[in-house]
Engineer: 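Handing you a structure now.
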Amino acid sequence: MKPINVGLLGIGTVGGGTFNVLARNEAEITRRAGRPIRITKVADKNLELARQVTAGRAEVTDDAFSVVSDPEIDIVIELIGGYGIARELVLKAIANGKHVVTANKALLAVHGNEIFAAAHEKGVMVGFEAAVAGGIPIIKALREGLSANRIQWIAGIINGTTNFILSEMRDKGLSFDTVLKEAQRLGYAEADPTFDIEGIDAAHKITILSALAFGIRMQFDKAHVEGISKLDADDIKYAEQLGYRIKLLGITRRRPEGVELRVHPTLIPAKRLIANVEGAMNAVLVQGDAVGATLYYGKGAGAEPTASAVIADLVDVTRMHTADPEHRVPHLAFQPGAVEDTPILPLSEVETSYYLRLRVEDKPGVLADITRILADQQISIDAMIQREPAEGESQTDIIMLTHITREKNVDAAIARIEALPVVKKQVIRLRMEELG
Ligand SMILES: NC(=O)C1=CN([C@@H]2O[C@H](COP(=O)(O)OP(=O)(O)OC[C@H]3O[C@@H](n4cnc5c(N)ncnc54)[C@H](O)[C@@H]3O)[C@@H](O)[C@H]2O)C=CC1
Ligand SMILES: N[C@@H](CC=O)C(=O)O
Ligand code: NA
């Protein structure tokens with residue numbers, strides 16, 4: 001049977017994994033796809049690496065544009081990364097009538113509206129299962145498995161690097177920098193690891209999931225993005241004492257006025273399954289009105305787990321490329337004409353509960369002043385702990401957990417609390433999610 005020819009752009013961590021898994025499982029994959037899938041051409045600016053990995057089994061070049069223009073190539077896999085040359089190559093491949101598979105969430109979150117419109121126009125497929133939560137088939141689940149549901153919210157641990165850092169710091173007491181270096185060595189981190197640490201990578205991914213879940217345009221520029229770099233070990237400890245774990249979550253929720261789209265460290269009850277997802281593992285919780293809560297768990301980063309998703313897309317394209325484009329699953333789960341312009345809500349309108357840590361002078365009346373301010377802003381307290389000041393210390397920490405309230409009420413309360421002379425430091429505010 002005539003093979004389908006694939007051109008691979010970038011043979012680094014994921015590209016190398018894809019090349020190797022495809023070769024190793026060729027017979028099994030062919031039985032599924034109906035015909036052999038062959039990577040016939042590989043482009044990498046590091047020619048030496050490309051020669052080493054391919055070992056004579058594919059033509060090698062350092063000119064990626066020659067691959068997207070090659071008439072023999074049916075599918076282009078983009079595994080270079082970034083929004084620059086990757087965007088040019090993907091758009092060129094589409095313009096040349098090639099199907100595209102990519103793991104590049106940054107590219108899709110920022111330029112996805114343009115790329116999917118171009119693909120729709122040209123009648124080609126763009127597969128991106130690897131772009132969110134690596135090997136976990138979450139795109140497939142949202143596009144197909146859950147299509148009966150009105151999705152209400154999604155919350156996910158969707159960055160392996162930061163989850164690995166938080167887990168290793170907590171369990172082994174290792175420093176942030178040591179664990180980050182290990183995550184880089186293991187191939188989890190982005191080329192620029194600030195994308196991981198500052199929550200940008202998770203925001204790219206939750207932007208994509210939000211579009212798929214609610215049938216809205218990608219609006220990465222409206223996402224609230226907060227990473228783990230400012231997270232204090234004391235808060236991890238206090239959270240544990242209160243029965244919570246802190247995870248970097250991507251959250252998107254549908255509300256009558258719009259959609260919440262946010263990434264930030266989040267307190268989750270320790271008894272929830274998702275609170276116990278450790279290391280580089282990912283987990284995505286999806287709440288649908290009919291199905292209820294469903295949880296997807298697995299490896300979100302690394303060469304072969306990500307290759308697993310890339311190859312699943314290759315199989316899908318191979319099975320479907322001769323089908324009438326109107327009969328294929330729509331790229332973003334909803335028919336292109338049915339995508340809505342629902343606004344992303346500003347952070348001030350987000351509704352959730354909060355963890356507040358206040359550094360205060362240990363004297364009578366302090367608590368009364370603080371609770372009065374919270375009550376003025378209609379914020380009610382769910383739980384509280386006050387640390388006993390150490391011998392000779394005149395200051396102490398008060399930790400308060402609130403019921404659900406609006407972010408702008410918390411902003412107003414914090415501004416007034418910080419103005420109190422007895423409050424000695426900036427108030428620490430972390431958001432909480434029950435996820436139950
Ligand atoms: N590493 C992981 O666990 C995961 C990565 N991804 C995404 O997969 C993509 C690839 O990531 P990695 O494999 O980790 O990156 P990598 O840095 O290991 O590989 C990228 C490869 O592209 C090559 N390259 C760079 N510029 C080029 C150009 N102009 N022409 C030809 N080749 C060029 C590099 O030499 C390198 O071999 C990125 O979009 C990343 O966000 C997605 C999920 C997981
Ligand atoms: N850098 C990412 C890789 C996968 O998307 C992560 O750590 O999750
Ligand atoms: Na995936």
Side-chain angles (χ1 to χ4, degrees), residues 152-158 162 198-200 202-207 209-210 213-214 216 219-232 235-236 238-239 242 244-269 274 285 287 342-359 369-384 398-420 423 425-436:
Q152 292 155 327
W153 53 261
I154 298 179
I157 296 172
I158 45 180
T162 43
E198 299 303 344
I200 303 161
H204 288 146
K205 293 165 175 165
I206 197 71
T207 298
L209 294 184
S210 184
F214 307 133
I216 59 173
Q219 298 176 70
F220 169 71
D221 55 330
K222 305 278 171 33
H224 170 74
V225 189
E226 201 179 312
I228 61 165
S229 62
K230 297 195 182 77
L231 194 59
D232 193 317
D235 296 308
I236 298 176
Y238 287 134
L242 287 156
Y244 291 84
R245 289 267 164 82
I246 300 183
K247 295 287 183 188
L248 185 72
L249 284 193
I251 299 165
T252 188
R253 176 178 283 123
R254 185 176 355 216
R255 300 231 314 263
E257 325 83 280
V259 167
E260 294 184 5
L261 184 61
R262 49 194 167 100
V263 171
H264 49 70
T266 312
L267 276 80
I268 319 170
I274 195 168
L285 246 179
Q287 179 80 25
T342 314
I344 302 298
L345 295 169
L347 186 64
S348 56
E349 296 301 322
V350 159
E351 286 178 351
T352 190
S353 43
Y354 291 81
Y355 161 106
L356 304 174
R357 174 159 66 88
L358 295 74
R359 186 81 179 155
D369 289 345
I370 292 165
T371 50
R372 195 173 315 113
I373 291 172
L374 292 173
D376 284 353
Q377 296 299 329
Q378 287 95 44
I379 300 170
S380 62
I381 299 164
D382 182 40
M384 194 188 82
I398 295 176
I399 293 97
M400 289 172 165
L401 307 185
T402 76
H403 285 293
I404 291 180
T405 183
R406 234 172 232 197
E407 180 97 8
K408 65 181 172 199
N409 295 33
V410 176
D411 289 340
I414 288 178
R416 283 182 60 196
I417 290 170
E418 284 178 345
L420 294 171
V423 174
K425 280 190 186 161
Q426 267 197 334
V427 173
I428 305 286
R429 163 231 318 254
L430 292 169
R431 298 172 194 88
M432 306 173 59
E433 292 289 337
E434 278 304 312
L435 302 181

Engineer: Report the distance from atom CD1 of I154 to atom NZ of K205, rounding to the nearest 0.5 Å.
Structural biologist: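 Rounded to the nearest 0.5 Å, the CD1-NZ separation comes out at 14.0 Å.
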Engineer: Counting C-beta onward and ignoring hydrogens, is there a side-chain heavy-atom pair between Y244 and Y355 closer than 4.5 Å?
Structural biologist: no
Engineer: For a 4.5 angstrom cut-off between non-hydrogen side-chain atoms, does R255 reach E351?
Structural biologist: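 The answer is yes; the side chains approach within 4.5 Å.
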Engineer: Show the numbers, then the answer: is there a salt bridge (Lys or Arg N to Asp or Glu O under 4.0 Å) between R372 and D369?
Structural biologist: CA-CA 5 Å; R372 195 173 315 113; D369 289 345; 3.4 Å; yes
Engineer: Got a second to check how far I236's CD1 is from R245's CZ, nearest 0.5 Å?
Structural biologist: 11.0 Å
Engineer: Would you give the length of the straight line joining atom CG of L261 to atom CZ of R253, rounded to the nearest 0.5 angstrom?
Structural biologist: 12.5 Å
Engineer: Could you go step by step and tell me if T352 and E260 meet the side chain to side chain contact (heavy atoms under 4.5 Å, CB included) rule?
Structural biologist: CA-CA 11 Å; T352 190; E260 294 184 5; 6.0 Å; no
Engineer: With no hydrogens and no angle check, do the side chains of T266 and H264 hold a donor and an acceptor under 3.5 Å apart?
Structural biologist: yes
Engineer: Who are the side-chain hydrogen bond (donor to acceptor under 3.5 Å, both in side chains) partners of D382, not counting sequence neighbours?
Structural biologist: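 By the side-chain hydrogen bond (donor to acceptor under 3.5 Å, both in side chains) rule, D382 matches no residue at all.
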Engineer: I251 vs I206, test: side chain to side chain contact (heavy atoms under 4.5 Å, CB included). Steps then yes/no.
Structural biologist: CA-CA 7 Å; I251 299 165; I206 197 71; 5.7 Å; no
Engineer: What are the two closest non-hydrogen atoms of A155 and I274, and how far apart are they?
Structural biologist: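 Heavy atoms only, the tightest pair is O-CD1, 3.9 Å.
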Engineer: Do H224 and V350 have side-chain heavy atoms sitting under 4.5 Å apart?
Structural biologist: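 Not touching, per the 4.5 Å side-chain cut-off.
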Engineer: Minimum heavy-atom separation for I216 to S210, with atom names?
Structural biologist: CD1-OG, 3.6 Å
Engineer: If we only count heavy atoms from C-beta on, is the T402 to L374 side-chain gap below 4.5 Å?
Structural biologist: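 T402 vs L374: side chains apart.
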Engineer: Going through the checks in order, is the side chain to side chain contact (heavy atoms under 4.5 Å, CB included) test met by L249 and I157?
Structural biologist: CA-CA 5 Å; L249 284 193; I157 296 172; 3.7 Å; yes
Engineer: Answer yes if the side chains of S229 and E198 hold a donor-acceptor pair under 3.5 Å, and no otherwise.
Structural biologist: yes
Engineer: I need the L231 CG to E226 CD distance, nearest 0.5 Å.
Structural biologist: 9.5 Å
Engineer: From the options V427, I379, T371, select the one residue that forms a side-chain contact (heavy atoms from CB on, under 4.5 Å) with M400.
Structural biologist: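 It is T371; the other options fail the test.
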Engineer: Within the 4.5 Å heavy-atom criterion, are M384 and I370 side-chain neighbours or not?
Structural biologist: no
Engineer: Side chains of P269 and E434: closer than 4.5 Å at any heavy-atom pair?
Structural biologist: yes
Engineer: Any side-chain heavy-atom pair from L242 and L267 closer than 4.5 angstrom?
Structural biologist: no
Engineer: Please test R429 against E407 for salt bridge (Lys or Arg N to Asp or Glu O under 4.0 Å), starting from the C-alpha separation and ending with a verdict.
Structural biologist: CA-CA 10 Å; R429 163 231 318 254; E407 180 97 8; 2.9 Å; yes
Engineer: Provide the closest heavy-atom pair for P265 versus G227 in the form atom of the first, atom of the second, distance.
Structural biologist: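 Scanning both residues completely, I find the closest heavy atoms to be CG-O, 3.3 Å.
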Engineer: So which heavy atom on H204 is nearest to which on F220, and how close?
Structural biologist: CD2-CE1, 3.4 Å
Engineer: Could you measure the distance from the CG atom of L248 to the OG1 atom of T162? Nearest 0.5 Å is fine.
Structural biologist: 4.5 Å
Engineer: Could you tell me which residues satisfy side-chain hydrogen bond (donor to acceptor under 3.5 Å, both in side chains) with Q377, sequence neighbours excluded, listed by chain and number?
Structural biologist: none
Engineer: Under a 4.5 Å cut-off applied to non-hydrogen side-chain atoms, are R416 and D376 in contact?
Structural biologist: yes
Engineer: What's the separation between atom CG in L430 and atom OH in Y238, rounded to the nearest 0.5 Å?
Structural biologist: 13.0 Å
Engineer: Return the minimal non-hydrogen interatomic distance between T207 and A223, and the atom names on each side.
Structural biologist: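 Of all heavy-atom pairs spanning T207 and A223, the closest is OG1-CB, 4.5 Å.
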Engineer: Using the test salt bridge (charged side-chain N to carboxylate O under 4.0 Å, His left out), find all partners of R357 that sit at least two apart in sequence or belong to another chain.
Structural biologist: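 For R357 the salt bridge (charged side-chain N to carboxylate O under 4.0 Å, His left out) partners, ignoring immediate neighbours, are D232, D235, D397.
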Engineer: Where is the tightest heavy-atom contact between V225 and A203, given as atom of each residue plus distance?
Structural biologist: CG2-CB, 3.7 Å
